[in-house]
Amino acid sequence: MKLLFIQRAAKMAIPFLFFQLNTAINAWAVRYISDNELVKAYYQDGGNITGKVLTSDGQPAESATISLNNLKSTQVGKDGTFKFENLGAGTYKLAILFMGHAAEEKTVVLKEGETARIDFALTATSRALNEILIVGDKYTITSKKQSSSVGRLPLKYLENTQVYSVIDKELIREQLSVTLDEAFRNVPGAAPAKTGAGIPAFFSRGFVTNDNLRNGMATFTRTTIDLATVERVEAIKGPSSTLFGASMVSFGGLVNYITKKPFDRMAGEIGYTFGSYDLNRFTADFNTPLNDSKTVLFRTNIAYQKENTFQDQGHGSTLVVAPSLLYKVNDRFTVRLDADIQHYKGTSSTAWIVSPGVNAKSYDQLNLDYKRSLIDNSFTANMYTNNIFLQAEYKLSDKWTSTTNYAWATGGYSNMYLFDMTWLSDTTVARSIRVHAPDRMGRKHFQQNFTGDFKIGSLRNRLVVGFDIMDQYRDLKYNMLQLDTVNTRGIAKDVRVETVDARLAALNTPETNSRQLSYGAYFSDVLNITSNLLVMASLRVDYFDNKGTKNNLTQVTTGAYNQAAFSPKFGVVYQPVLNKVALFANYMNGFKNVANTVQPDGSVSSFKPQQANQLEGGVKLDLFENKLAATISYYDIQINNSTRGDVKGTQVFTVQDGTQESKGVDVEIIGNPLPGFNIITGYGYNENKYIKASAQLTGKRTVGAPAHVGNIWMSYSILEGAVKGLGIGAGAIYVGDAFYDPANTFVLPSYTTFDATLFYNTPKFRIAVKGNNLTGKKYWVSDGFYARPQKQANFLVSLALKF
């Protein structure tokens with residue numbers, strides 16, 4: 001029934017969107033006849049209209065909208081500026097729009113090739129506009145969709161040939177989300193997952209994505225990622241190695257979270273949240289200029305949280321400190337330095353595995369109380385993630401900008417005990433424990449980009465040329481101990497950390513050291529053939545040097561190899577209705593390095609990188625003056641150069657001729673149909689199968705990836721009157737069945753969870769109550785290997801004071 005509901009909803013949504021498309025095209029045709037200033041004379045030398053919008057107290061009117069002839073609009077930036085580019089000569093009418101503020105209009109006559117400046121001074125104060133923004137303008141469509149980090153170029157969403165989703169801080173706050181994986185519920189087709197150590201991950205387009213970029217740069221996450229440090233989350237769909245390399249991305253996409261930056265006034269917020277399972281959480285966000293000229297800005301975010309698990313054993317505490325410093329050296333040069341230090345202390349959640357001896361066909365058929373963990377609270381681990389980010393941005397000219405980035409990311413475990421619970425039958429579980437003592441890892445990432453926005457003749461080019469170097473290492477001391485086998489119908493034998501430590505002390509375990517270097521150079525060029533038609537071409541050249549793994553006891557290094565890879569990317573966008581409707585198509589490439597293999601006869605085989613090639617097409621909409629945005633796309637990802645086992649006589653050799661196909665549909669709709677009412681909904685269908693593989697895999701679906709995922713979130717805020725700021729939000733996520741074993745016989749069952757929140761939001765404080773999984777649904781998430789039971793019904797109560 002749930003699957004039938006999702007399918008019917010998708011069938012209803014598609015005709016609705018094409019109805020809106022037809023309506024917009026007709027409206028555009030009428031306007032074209034009466035006023036065609038934006039489309040004529042494109043091959044002439046285009047002019048520009050720039051300006052600044054200030055409030056009555058002299059502050060930038062950030063997030064106001066400037067409309068040009070009611071055909072084109074742009075968002076006012078944080079410094080109050082706006083710009084329309086590549087305009088033909090003619091008369092233009094500019095109107096400034098801000099929810100709750102009367103529209104103001106000005107007219108300008110633009111000559112060929114000139115730049116005209118038009119400034120606006122609003123009658124409202126910054127505080128009054130901020131109140132409007134806080135109360136009712138939370139995630140209003142296109143302004144939140146723009147991103148310069150997705151394509152490393154200043155592209156509007158409709159200009160980008162790629163599909164991506166954005167979850168901004170307003171939506172995060174409204175949903176009372178705490179960790180990065182909670183934000184994933186808003187990404188169409190994204191099924192939440194957890195890695196073996198509990199790191200946030202999700203399935204996208206049939207592949208698990210378990211590494212996360214921070215400000216477009218490398219991390220080495222070994223804790224959850226606390227959203228107290230995060231401004232927005234960008235989920236980029238499809239293989240993206242051309243710009244982001246191979247180490248941090250999957251063939252299904254990547255996650256890039258953007259951290260909070262300092263701004264030029266003193267402000268702050270202190271929050272406290274309590275809830276189920278003895279949750280207590282404190283947050284603080286403080287921002288201030290450090291000098292009178294406001295060229296040195298400082299901001300810091302702090303979070304501390306303590307919580308027990310929903311099971312009979314398990315607890316944890318998290319501490320996050322994230323300072324950020326920005327120095328505006330002059331009008332051309334800006335330096336930014338920030339960091340986040342995250343530490344977790346507690347038990348790791350139980351990781352479940354199913355063996356072929358189990359007769360049950362689904363996790364909900366196994367004989368164990370849902371709240372029973374089979375672990376012990378004495379196994380307390382220390383896990384940390386540290387990131388330092390340095391950026392120097394220099395405007396070389398009005399056409400070119402140089403951006404230098406450096407990231408140093410470390411993560412690790414100190415005496416991390418991870419329980420593996422393997423079902424041997426429907427009633428027996430083998431308990432084992434993996435011990436990382438210690439496990440240290442890190443990535444140093446240097447990146448240099450030169451970004452240009454210029455013309456060659458009459459053609460506009462937006463070009464990024466860059467290179468990056470990544471140095472990653474891991475120092476590992478690892479053991480795995482078999483503990484015992486327990487009957488889930490009886491009383492499990494107590495197991496204590498002291499017993500495990502005594503066994504570990506008797507072992508002579510070596511530490512191993514591994515290191516890899518990668519060097520990449522790339523370019524990406526977006527060329528406007530006309531104002532309606534643009535094409536994109538990109539290429540990456542990558543060299544990977546694996547130094548191998550050294551055993552510190554034997555002093556022997558094994559596994560060294562190197563590989564070179566090319567990663568192209570192409571795309572085209574045609575806007576039949578400028579800034580309203582975009583038809584797009586892309587070819588995108590991803591690759592994974594494949595190590596050498598020692599064959600059964602003693603020979604060594606060298607392999608090529610595994611390749612993923614995606615073809616995708618669809619439509620993007622931005623209609624009714626930013627009231628409705630939507631994306632519909634179909635993709636087909638072909639994987640080749642996969643390795644597989646090939647039986648020759650009595651021996652199994654590794655060959656590299658495996659293939660795989662992942663195809664599907666993504667749909668996203670974001671709407672603001674009425675003042676104060678917002679809706680975000682999405683649907684994803686995916687079919688990921690092995691085409692040529694070992695006998696037991698051929699024709700089977702990949703492990704962990706559901707075929708159907710749907711999500712919806714709606715909220716309404718009262719914008720006027722005595723209870724202005726009072727609001728309610730509610731939503732659901734549906735994740736279909738996924739196979740848990742390669743043979744496709746054991747299932748992670750489908751689930752639907754419902755959440756709701758009630759909030760009262762003012763410029764001085766915010767109170768919110770949130771209920772998660774209101775029906776108490778029992779469900780499991782997996783990274784394709786481990787499965788983890790998730791919380792049933794739980795609640796949070798939050799209070800935030802602002803200054």
Side-chain angles (χ1 to χ4, degrees), residues 194-199 220-224 306 308-309 311-319 341-353 355 372-386 410-424 428-442 472-488 490-515 548-559 785-786 788:
K194 292 278 192 181
T195 67
I199 310 306
F220 225 138
T221 303
R222 284 301 174 266
T223 62
T224 59
K306 187 174 178 60
N308 296 326
T309 72
Q311 294 186 309
D312 56 0
Q313 300 282 302
H315 61 89
S317 61
T318 303
L319 176 63
I341 301 166
Q342 305 198 29
H343 180 264
Y344 172 82
K345 183 177 182 180
T347 54
S348 61
S349 57
T350 307
W352 295 92
I353 308 167
S355 71
R372 195 174 178 192
S373 65
L374 299 181
I375 68 171
D376 187 88
N377 275 334
S378 64
F379 291 88
T380 300
N382 288 285
M383 306 160 66
Y384 64 89
T385 297
N386 300 326
T410 59
Y413 312 124
S414 176
N415 291 328
M416 199 274 278
Y417 304 92
L418 178 61
F419 277 88
D420 288 355
M421 305 296 185
T422 303
W423 288 90
L424 302 178
T428 56
V429 173
R431 294 194 297 185
S432 59
I433 191 167
R434 289 182 287 144
V435 183
H436 298 252
D439 190 352
R440 299 180 294 265
M441 56 210 78
Q472 48 189 336
Y473 68 88
R474 183 171 187 176
D475 301 330
L476 171 63
K477 194 169 186 178
Y478 170 79
N479 282 284
M480 184 168 185
L481 301 177
Q482 302 296 328
L483 299 178
D484 56 15
T485 299
V486 299
N487 190 310
T488 58
I491 299 175
K493 181 181 177 181
D494 184 31
V495 55
R496 298 285 299 173
V497 67
E498 293 83 1
T499 304
V500 171
D501 286 345
R503 290 179 60 182
L504 290 172
L507 301 176
N508 187 25
T509 304
E511 183 176 284
T512 59
N513 311 116
S514 59
R515 188 183 180 199
T549 300
K550 180 181 179 181
N551 184 310
N552 276 354
L553 288 182
T554 64
Q555 293 293 296
V556 174
T557 299
T558 58
F785 186 76
Y786 293 103
R788 297 175 181 276

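Only this structure's heavy atoms are used, side chains among them; waters, hydrogens and symmetry mates stay out.
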query: salt bridge (charged side-chain N to carboxylate O under 4.0 Å, His left out): which pairs involve residues 410-422, sequence neighbours left out?
result: Asp420-Arg434
message: Would you say CG of Leu507 has more than 12 non-hydrogen atoms from neighbouring residues, nucleotides or ligands within 6.0 angstrom?
response: yes
query: Under 3.5 Å, is there a donor-acceptor pair between the Arg222 and Tyr413 side chains?
result: yes
- prompt: If we ignore angles and hydrogens, is there a donor and acceptor under 3.5 Å between the side chains of Tyr417 and Asp501?
  reply: yes
- line: Looking only at heavy atoms, the pair that brings Tyr786 and Ile353 closest together is CE2-CD1, 3.7 Å
Glu511/Arg440 salt bridge by N-O under 4.0 Å criterion: yes
- prompt: Hey, are Asn382 and Asn415 close enough side-chain-wise for a donor-acceptor pair under 3.5 Å?
  reply: no
message: Restricting to non-hydrogen atoms, name the atom on Gln313 and the atom on Asn377 that form the minimum distance, rounded to 0.1 Å.
response: OE1-N, 2.8 Å
- prompt: Any side-chain heavy atom of Asn508 within less than 4.5 Å of one from Leu553?
  reply: yes
message: Do Ser373 and Asp312 pair up side chain to side chain, a donor and an acceptor below 3.5 Å, judged on atom types alone?
response: yes
Residues 478-485 side chain polar contacts: donor-acceptor under 3.5 Å, at least two apart:
residue, atom, partner, partner atom, Å
Asn479, OD1, Thr509, OG1, 2.9
Asn479, ND2, Thr509, OG1, 2.9
Asp484, OD1, Arg431, NE, 2.9
Asp484, OD2, Arg431, NH2, 2.9

field: Non-hydrogen atoms of Met441 and Gly412 that approach each other most closely
entry: CE-CA, 4.4 Å
query: What residues form a side-chain hydrogen bond (donor to acceptor under 3.5 Å, both in side chains) with Thr558, not counting sequence neighbours?
result: none
message: I need the Thr512 OG1 to Asn551 CG distance, nearest 0.5 Å.
response: 7.5 Å
